[in-house]
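Excluded from the calculations below are hydrogen atoms, water molecules and symmetry mates; all remaining heavy atoms, backbone and side chain alike, are included.
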Amino acid sequence: MHKISAIKTVRSNNLISRLKEQKWLFVLMLPAFVATLLFSYGPMFGLYMAFTNYQPGGESFFRQFFHAEFVGFRWFEYFFTTGDFYRVMRNTLATSLLTLLFGFPAPIILALVLNEARQGFFKRFVQTVSYLPHFISWVIAANIVITLLASDGMLNNILVLLGIVDDPIAFLQNGPLFWWIIALSNMWKEMGFSAIMYLAAISSINPELYEAARVDGASRFKQMWHITLPALRPTIVILAILAVGGILNAGFEQQYLLQNNTVLEYSEVIDIYAYKYGLQNSMFSYGAAVGMFKSVVAFILVVIVNRISRKVNDQALF
């Protein structure tokens, strides 16, 4: 018992000494910590709305919020039993899986290609061009995509000129094609910025490993396969866990801006569905229930994939 108490005392003293030594680092971290509490955890009390029949009125918000009729899981049951559930989940999963299929490996490939590039100007040019779409708002990006895919747009003109098609393709009026358009536009917009994390991981690799591999006669491809990719594995695993956790996060802005009346059957995902019923139709509790369902599924997926990754690769997010 005396040894245990002595160990606890030593650990406590070490913690206090570390806090004193790094106090200014904690002060710098304080604004981010407060912002996280206020804007990420503070609004979570609003999840209670998903279990009530909240309707705004003339009284104060908090009075109406906490005195609203408690209905339990009624809104969740309504969402699962309504005919919209299958359609919304189909659109969300189709868009998210295609985005994951194209968008996840693309930045890895781009980072590997940029790492192997030997021309400094070419490398900087490609990096700049690939980063730019991330900093463009979806309002502008959606207009670029619409202009590109229009009946008289550049893509259709090229296809007709090459003789691949006889008549222009109505890309944005074709429902099943809409999922592919969203996935590819997401990849184009985020590929360059996502590659930064992989390039940062590559830069931390010991150059002596490459030198030893060259001495042993390894080609550049073998160096990439046996040195670069294994070094990227922890980063890939963590980002893969987060990507699977966000499988129901098919996006709102891109879907809302690129959709039209002819593809509504294929463009309405969970985020747009919650917005339409929660805000446009003033069904606030129903919209909160739909959003909470998405968050709960995302949390469960992160926990499951994290556990599987820990058992298979001995690497996990937590």
Side-chain angles (χ1 to χ4, degrees), residues 88-117 126-146 148-149 155 171-172 174-202 224 228-229 231-259 263 266-272 294-295 297-299 301-302 304-306 308-309 313 315 317:
V88 171
M89 289 299 297
R90 180 201 64 183
N91 297 339
T92 303
L93 290 175
T95 304
S96 297
L97 289 174
L98 286 174
T99 300
L100 188 63
L101 177 65
F102 292 107
F104 187 76
I108 301 174
I109 297 172
L110 178 61
L112 292 174
V113 171
L114 290 175
N115 182 62
E116 294 299 322
V126 173
Q127 281 181 308
T128 303
V129 172
S130 61
Y131 294 168
L132 279 177
H134 173 79
F135 299 100
I136 299 175
S137 70
W138 264 112
V139 176
I140 299 174
N143 277 280
I144 294 175
V145 174
I146 292 172
L148 180 67
L149 299 180
L155 182 58
F171 289 101
L172 293 173
N174 190 312
L177 283 181
F178 186 82
W179 297 337
W180 295 83
I181 292 170
I182 292 293
L184 292 173
S185 60
N186 280 330
M187 182 192 71
W188 161 71
K189 195 171 186 300
E190 301 298 333
M191 176 176 62
F193 189 79
S194 299
I196 294 176
M197 290 176 284
Y198 297 108
L199 288 171
I202 291 174
M224 179 183 66
T228 309
L229 278 176
L232 287 178
R233 188 172 65 177
T235 305
I236 293 173
V237 169
I238 291 174
L239 294 179
I241 294 171
L242 295 175
V244 172
I247 198 72
L248 296 184
N249 189 21
F252 173 80
E253 290 179 301
Q254 58 269 49
Q255 304 274 357
Y256 189 76
L257 293 168
L258 290 173
Q259 70 177 2
V263 293
Y266 294 86
S267 65
E268 192 170 55
V269 294
I270 287 182
D271 291 326
I272 292 181
K294 187 187 80 167
S295 300
V297 171
F299 176 75
L301 286 175
V302 167
I304 293 174
V305 176
N306 186 78
I308 293 173
S309 176
N313 296 318
Q315 292 175 342
L317 184 62

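Residues Lys294 and Val297 fail the side-chain proximity criterion, which asks for heavy atoms closer than 4.5 Å. With a 4.5 Å cut-off on side-chain heavy atoms, Leu97 and Trp179 do not count as touching. Between Asn186 and Trp138 the shortest side-chain heavy-atom distance falls below 4.5 Å. Ile272 is listed as a side-chain neighbour of Val269, based on a closest heavy-atom distance under 4.5 Å. Counting heavy atoms from C-beta outward, Val263 and Asn174 have side chains that stay 4.5 Å or more apart. Leu93 is listed as a side-chain neighbour of Leu248, based on a closest heavy-atom distance under 4.5 Å.
Checked by atom type, the side-chain pair Asp271/Gln255 shows no donor-acceptor distance below 3.5 Å.
Between Leu301 atom CG and Asn306 atom CG the span is 12.0 Å, to the nearest 0.5 Å. Separation of atoms OG (Ser96) and CE (Met89) is listed at 9.0 Å; rounding is to 0.5 Å. Separation of atoms CD1 (Ile270) and CZ (Phe252) is listed at 14.0 Å; rounding is to 0.5 Å. For the atom pair CG of Leu177 and CG of Leu184, the computed distance is 10.0 Å after rounding to the nearest 0.5 Å. With values rounded to the nearest 0.5 angstrom, Ile202 atom CD1 is found 12.5 Å from Met197 atom CE. Rounding to the nearest 0.5 Å places CG of Leu98 at 11.5 Å from CD1 of Ile181.
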Residue pair Arg90, Tyr266: steps toward the side-chain contact (heavy atoms from CB on, under 4.5 Å) verdict: CA-CA 8 Å; Arg90 180 201 64 183; Tyr266 294 86; 4.0 Å; yes
Derivation and outcome, side-chain contact (heavy atoms from CB on, under 4.5 Å), residues Leu232 and Leu112: CA-CA 10 Å; Leu232 287 178; Leu112 292 174; 4.1 Å; yes
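Taking each heavy atom of Gly192 and Tyr131 in turn, the nearest pair found is O-CE2, 3.0 Å. Closest non-hydrogen pair, Leu257 versus Ile146, comes out as O-CD1, 4.0 Å. The two atoms that bring Met191 and Pro107 nearest to each other are O-CB, 3.5 Å, heavy atoms only. Heavy-atom minimum distance, Lys189 versus Ala141: CE-CB, 4.1 Å.
Within the 6.0 Å centre-distance limit, the rings of Phe102 and Trp180 are counted as a close aromatic pair.
Environment of CZ in Phe299: sparse, with no more than 12 heavy atoms of neighbouring residues, nucleotides or ligands closer than 6.0 Å. The number of heavy atoms from other shown groups lying within 6.0 Å of CZ (Phe104) is above 12.
The aromatic rings of His134 and Phe193 lie parallel to each other, their planes meeting at an angle below 30°, with 60° marking the opposite boundary.
Listed for the Asn115 side chain is no donor-acceptor partner under 3.5 Å among the backbone atoms of Ala111. Panel note: side chain Thr95, backbone Thr92; no donor-acceptor pair is recorded below 3.5 Å. With hydrogens and angles ignored, the 3.5 Å screen pairs a side-chain donor or acceptor of Ser130 with a backbone N or O of Gln127.
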